[in-house]
Number of protein chains: 2
Amino acid sequence: MRDVSRLAGVSQMTVSRVLADPDLVSEATRLRVMKAIEQLGYVPDRVAGSLSSRRTNFVTAILPTLTNSNFADTAQGLAEALRPADYQLLIGYTMYKLAEEERIIRAMLSRRPDAIVVAGMVHTKPASEMLLRAGIPIVEIWDVPDKPIDHAVGFSNFEVGRAAARHLLSLGHRRIGAIGSRTDGEAIDLRGESRLAGFASVLREAGIGDELIVREGTAPVSHDHGAQTISILLERAPDVEAVFAVSDISAFGALMECHRRGIKVPADLSLMGFGDFDIARQCVPAITTIRVDAAQIGRLTGEMLVRLFNEEGGAADLQPSTIDVGFTLVPRQTTAPAVLEAGLS
Amino acid sequence: MRDVSRLAGVSQMTVSRVLADPDLVSEATRLRVMKAIEQLGYVPDRVAGSLSSRRTNFVTAILPTLTNSNFADTAQGLAEALRPADYQLLIGYTMYKLAEEERIIRAMLSRRPDAIVVAGMVHTKPASEMLLRAGIPIVEIWDVPDKPIDHAVGFSNFEVGRAAARHLLSLGHRRIGAIGSRTDGEAIDLRGESRLAGFASVLREAGIGDELIVREGTAPVSHDHGAQTISILLERAPDVEAVFAVSDISAFGALMECHRRGIKVPADLSLMGFGDFDIARQCVPAITTIRVDAAQIGRLTGEMLVRLFNEEGGAADLQPSTIDVGFTLVPRQTTAPAVLEAGLS
DNA sequence: CCTGGCGCATCTACCGGTTCATTGGACAGG
DNA sequence: CCTGTCCAATGAACCGGTAGATGCGCCAGG
């Protein structure tokens, strides 16, 4: 930068101004500086700039994995919303592990991000404390927590489960099950578990037991996971009429397993998933699902942050806000009304 | 950090040592320092450290999108390989746009990464120059370029196309087509185009025209893209016997469209894709595809970089290396031998 | 004509670590 | 016992910018 300033015959500060706030510099000077920059192939060093200005223009996003298209969509939405404001996304993966989340938070904090976005609902105590003390905006996403740390953008996974159960009940089914993953100490998918809990709560209210809810394997779920868990369920209850999968990925795996076993969907079995993944819409039969706008969660989060950054110093960040983006049940071809008892089975 | 050093009764440098090179500090001093760190909740500032040491421990990855599970896998593999060496991944998305790639390279360079990984095969002139002058290792991935900028880890997309064509020919098909995306000035998917080019080259060698290769829409391809392009192809050539899709995503969309049209796969039409996405293995019928180990590309790249960083100053980075990870054709249920002319159609 | 006010560019002091040269002390050899 | 050598700990300079205060020149008002 010194070289540039010398070549342009101005002070170092003027060069800095040209880059940060071009309007404050007279036209002629600016052009001269720009030419010098071009000529030298000068690329400003934001590491130094960050140190000096105490703003890195980094936003950290901590997600379970990027191998799930929902989270990838969220990341993309977030990145797109932040880009115009010149913020760069720093992504960390927890692989659904709590301990890993803590490690990543610590590592990320040392990069001095201007905000942190976390997709985990639950955190270890040290993790929560670090976030609280960080002194920067924190946004929890993909759920609406009871006690948010700071801001939140998401929807109620519990209500998703309830909506799924009500849908299957309204079709007249009584032998109703669900498939999801276990939440042991290591791998944790609290959102999936919330959906199952909501699902179970409606079943109980309807006087139906929740014993057909199968929790097997660990997050992240896969197509294979769906195939395996539906097999377990079918073994346990061959007469099951309707099944809710915590994810479309599982639902698709389950659907294909039904194909292989000659079980007709939805004639013999109603099946629904969650997430409205591409695959749910495209496959035959198309899978009934619950849609959440993953990219929208990212975008709203990004826009919220940009607003916070601009108002910085204003009173706005004293009031943490929670945005519920809601969800939509999308009936498709894998769910159908129950047949009468006199039916085939 | 000053506070920590005072509390522990040592100099600032000793604290720095404890964090960077614990072995150089005596046991007692180290424990005292650690306690002080804990007590104050001190989190080191790597921005300052990076400025001073001229190493940021950032590696930039520039990918077309993360919404494609192949690239997400690569990113994950890369992140995992870099994590033990304490390098953090900085991800940028180009959305298959050349201009965007240049913008992102410029933005990333100002973050002073220790290496850059690029998934684009082709770059604008300024982009190439910036990469060349960056003075850090550059790794081009997802193809084996003729003239690599520096290092490369990938496979030959051209050969993938050739292998696909040979497979379909070996099954006895003659009316052979393919579906992919257009490469107009804005959106560019050179890898997909390479596959189509390889595919076409084999068709021509076999004396078959390449007029059934449909290029429609822009990258990234989607399930819908597959459905639409196969429709165009079927209209143009209802008697087409075998189709290669540049991606499993397209192949699956095409497969479902065939379902809807009552076209039996593989009895009426052989279909194959590329990428060995989860969906190709799980769907019914399972899709014949060409497998590349996306995560492995990421891992190998990461390991190569870690090696380079460690040897830094050694002679090793004078010799740019190219790793070809190859690919595998995975025959499944969507391709079958051609029926004789006397057959149904 | 002199002085105060204003705008643009400059000057100086850091930001929070790390590097490197220096210093003090311990040990061994003369 | 004194001195030279080597190691470990220390202190000062610096990484490349930015914030905030200062200086300078021009214009308007007294």
Side-chain angles (χ1 to χ4, degrees), chain A residues 1-34 36-37 40-58 86 88 107 109-114 134-136 309 312-313, chain B residues 1-33 36-37 40-58 86 88 106-107 109-114 134-136 309 312-313:
Chain A
M1 179 154 148
R2 199 188 319 278
D3 300 338
V4 173
S5 64
R6 268 187 221 139
L7 181 59
V10 297
S11 84
Q12 204 171 322
M13 259 322 294
T14 308
V15 178
S16 173
R17 276 263 177 56
V18 170
L19 272 71
D21 226 331
D23 301 335
L24 293 181
V25 180
S26 69
E27 181 77 9
T29 315
R30 202 186 52 201
L31 286 178
R32 206 148 29 98
V33 172
M34 294 298 269
I37 287 176
L40 293 174
Y42 165 73
V43 179
D45 186 330
R46 303 197 64 172
V47 177
S50 297
L51 175 60
S52 182
S53 67
R54 296 123 159 302
R55 288 182 311 107
T56 52
N57 275 37
F58 276 130
D86 192 33
Q88 165 71 37
L109 279 178
S110 72
R111 301 288 192 178
R112 296 288 185 267
D114 293 339
I136 52 178
F309 294 145
E312 188 187 7
Chain B
M1 179 154 148
R2 201 189 317 278
D3 300 338
V4 173
S5 64
R6 270 189 219 137
L7 181 59
V10 298
S11 83
Q12 203 171 322
M13 260 321 296
T14 310
V15 178
S16 173
R17 277 263 178 56
V18 170
L19 273 71
D21 227 332
D23 301 333
L24 292 182
V25 181
S26 70
E27 182 75 10
T29 315
R30 202 186 50 200
L31 286 177
R32 205 147 30 97
V33 172
I37 288 176
L40 292 174
Y42 165 75
V43 179
D45 187 329
R46 303 197 63 172
V47 178
S50 296
L51 175 60
S52 182
S53 67
R54 294 123 160 303
R55 288 182 311 108
T56 53
N57 276 35
F58 276 130
D86 193 33
Q88 165 71 38
R106 191 183 310 278
L109 279 178
S110 73
R111 302 287 192 179
R112 297 287 186 268
D114 292 339
I136 52 178
F309 295 144
E312 187 187 8

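Below, read A as the first sequence line, B as the second, and so on, with proteins coming before strands; counting in each chain starts at 1.
If you measure from atom CZ of A:R6 to atom C1' of C:dT10, you get 15 Å, rounded to the nearest angstrom. Across the protein-nucleic acid pair, B:L19 atom CG and C:dG16 atom C1' stand 13 Å apart, rounded to whole Å. Separating the CZ atom of A:R32 from the P atom of C:dC8 is a distance of 15 Å, rounded to the nearest angstrom. B:M13 places its CE atom 8 Å from the P atom of C:dT19, with the value rounded to the nearest Å. One atom, CZ of A:R111, and another, P of C:dG16, lie 17 Å apart when rounded to the nearest Å.
With hydrogens and angles disregarded, a donor-acceptor distance shorter than 3.5 Å links the side chain of A:S53 to the backbone of A:G49.
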key: Candidate pair A:R111 and B:F58, rule side chain to side chain contact (heavy atoms under 4.5 Å, CB included), full reasoning   = CA-CA 10 Å; A:R111 301 288 192 178; B:F58 276 130; 3.7 Å; yes
request  = Could you please spell out the steps behind the side chain to side chain contact (heavy atoms under 4.5 Å, CB included) verdict for A:L7 and A:Y42?
outcome  = CA-CA 12 Å; A:L7 181 59; A:Y42 165 73; over 6 Å; no
query = Should A:V18 and A:V10 be marked as a side chain to side chain contact (heavy atoms under 4.5 Å, CB included) after you check the CA-CA gap, both sets of side-chain angles, and the distance that decides it?
reply = CA-CA 11 Å; A:V18 170; A:V10 297; over 6 Å; no
task = Before giving the answer on side chain to side chain contact (heavy atoms under 4.5 Å, CB included), spell out for A:R32 and A:T14 the whole-Å C-alpha distance, their side-chain angles and the decisive distance to 0.1 Å.
result = CA-CA 11 Å; A:R32 206 148 29 98; A:T14 308; over 6 Å; no
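Residue A:V33 comes nearest to A:V4 through the heavy atom pair O-CG1, 4.3 Å, listed as atom of the first residue, atom of the second, then distance. The minimum heavy-atom distance linking A:D114 with A:F309 is given by the pair O-CE2, 3.3 Å. Nearest heavy-atom pair, A:T56 versus A:P113, reported as atom, atom and distance to 0.1 Å: OG1-CA, 3.6 Å. When every heavy atom of B:V43 is checked against every heavy atom of A:R112, the shortest pair comes out as O-NH2, 2.8 Å. The heavy-atom pair separating A:P44 from B:S110 by the smallest distance is O-CB, 3.2 Å.
In this model, the phosphate group of C:dT10 is approached by a side-chain N or O of A:T14 to a distance below 4.0 Å at OP1 or OP2. A close approach under 4.0 Å does not occur between any side-chain nitrogen or oxygen of A:S52 and OP1 or OP2 of C:dC15.
Scanning DNA chain D for stems, defined as runs of 3 or more consecutive Watson-Crick or G-U wobble pairs whose donor-acceptor distances all fall under 3.5 Å, gives the following ranges: C:1-30 with D:1-30.
Atoms CD1 and CG, on A:I136 and A:L109 in that order, are 6.0 Å from each other to the nearest 0.5 Å.
Residue whose closest nucleotide on DNA chain D sits further toward the 5' end, between A:R17 and B:R17: B:R17. Each of B:Q12 and A:S11 has a nearest nucleotide on DNA chain C; the 5'-most of these lies closest to A:S11.
Put simply, chain B comes within 4.0 Å of DNA chain D, heavy atom to any atom, from D:dA9 to D:dG16, going 5' to 3'.
Shown for residues 41-51 of chain A: residues whose heavy atoms fall under 4.0 angstrom of DNA chain C, namely A:L51.
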